[in-house]
Structures are given as C-alpha cells and as structure tokens.
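For clarity, every value in this text was computed on a predicted model and none was experimentally measured.
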Amino acid sequence: RLRAGATPDDGVCTLRGEDVRRILREEFGVVRGLQATYNLLHKLGFSVLQPRPQHPDADPAAQEAFKKNSRKSSTKSRPTTRRKRSKSGSKTKPASARKAR
C-alpha cells in the first residue's frame with residue numbers, strides 16, 4: 001500500500017507520517033504513535049526525506065523567468081539601535097593603586 005503511493009481517497013499527493021498512521025489505523029486496525037510509525041517505516045526501508053512534488057499546473061518557463069528577473073538577496077542591514085555595554089561587571093582598581101597608599 002505504501003509503495004503504491006497516495007491514492008485519490010487519501011486526499012494528499014505524498015504520504016506523510018500522519019497519513020501512514022491513519023492508513024495503519026483505518027485499513028489494518030493497528031494504532032501506533034507517530035514516532036513508532038517512523039520507526040516502522042525506517043525498518044521497512046523507507047526514507048523520511050522526500051523532495052517536494054511539483055504541482056500539476058506548474059509552469060517551468062514562468063518559474064525560470066521569475067528566477068532571472070527577481071531581485072537578488074540584499075546585504076544584511078545594520079541594526080538601527082545602538083548596543084549598550086553590559087552593566088553586570090564592575091570596574092576594579094589595579095593592584096598597584098592599592099599599594100600607593
């Protein structure tokens with residue numbers, strides 16, 4: 001069932017951990033926690049990470065045009081407020097100042 005992927009009845013394009021939990025509960029009568037589900041998937045040889053699917057209506061030409069025409073990321077701006085010095089420490093006199101008395 002998992003290797004076949006998501007069906008139209010699942011309502012999703014890619015099965016996630018919560019979807020697998022639901023399938024186990026509804027189709028096989030097995031109730032598991034999310035981490036136990038991920039552990040089972042790992043034992044069965046499934047990978048946690050999957051690339052995001054492409055939307056069926058996606059236009060690759062429009063995406064490339066957007067990449068070419070979009071503004072490059074700007075440089076990091078400086079903070080507008082000045083940083084204050086720490087007030088937690090105290091100034092101490094050097095050892096030679098105490099000997100001068």
Side-chain angles (χ1 to χ4, degrees):
R1 167 71 167 93
L2 297 178
R3 291 194 198 288
T7 63
D9 293 336
D10 291 325
V12 294
C13 58
T14 303
L15 295 174
R16 300 170 299 138
E18 285 294 332
D19 301 317
V20 175
R21 282 182 69 200
R22 180 185 47 78
I23 291 169
L24 287 171
R25 184 180 66 248
E26 293 175 359
E27 297 181 18
F28 298 99
V30 177
V31 178
R32 287 183 170 247
L34 185 58
Q35 188 58 51
T37 303
Y38 283 124
N39 292 342
L40 175 65
L41 289 171
H42 180 72
K43 285 180 185 178
L44 294 174
F46 287 95
S47 173
V48 175
L49 301 177
Q50 291 289 332
R52 293 191 70 174
Q54 281 288 90
H55 192 277
D57 295 336
D59 183 6
Q63 291 174 352
E64 285 302 317
F66 177 80
K67 288 179 189 177
K68 289 179 182 177
N69 297 330
S70 66
R71 190 173 73 159
K72 301 293 182 212
S73 60
S74 62
T75 59
K76 196 171 189 179
S77 62
R78 295 176 62 177
T80 56
T81 57
R82 295 182 65 190
R83 293 183 184 170
K84 295 180 180 179
R85 292 181 60 157
S86 172
K87 294 181 181 181
S88 62
S90 63
K91 294 184 179 181
T92 58
K93 294 181 181 179
S96 60
R98 283 184 274 173
K99 294 179 183 177
R101 289 185 178 200

Side chain to side chain contact (heavy atoms under 4.5 Å, CB included) involving [X] - partner list, sequence neighbours excluded:
| X | answer |
| --- | --- |
| Asp9 | Thr7 |
| Ala6 | Asp10, Val12, Leu15 |
| Phe28 | Ile23, Leu24, Val30 |

Next on the checklist: I'd like to check the salt bridge (charged side-chain N to carboxylate O under 4.0 Å, His left out) partners of Lys67; sequence neighbours left out, ordered by chain and number.
Outcome noted: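 For Lys67 the salt bridge (charged side-chain N to carboxylate O under 4.0 Å, His left out) partners, ignoring immediate neighbours, are Glu64.
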Next on the checklist: Using the side-chain hydrogen bond (donor to acceptor under 3.5 Å, both in side chains) criterion, which residues pair with Glu27? Sequence neighbours excluded.
Outcome noted: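 So Glu27 forms a side-chain hydrogen bond (donor to acceptor under 3.5 Å, both in side chains) with Arg1.
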Next on the checklist: Under the rule for side-chain hydrogen bond (donor to acceptor under 3.5 Å, both in side chains), what residues qualify as partners of Glu18, not counting sequence neighbours?
Outcome noted: Arg21
Item to check | Considering all heavy atoms, the nearest Arg3-Leu44 contact | outcome: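 Answer, listing the atom of Arg3 first, then Leu44: NH2-O, 3.7 Å.
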Next on the checklist: Testing the basics here: between Leu2 and Val20, what is the closest heavy-atom pair and its distance to 0.1 Å?
Outcome noted: CD2-CG2, 3.9 Å
Next on the checklist: Applying side-chain hydrogen bond (donor to acceptor under 3.5 Å, both in side chains) as the test, list every pair that has at least one member in residues 28-37; sequence neighbours left out.
Outcome noted: Gln35-Asn39
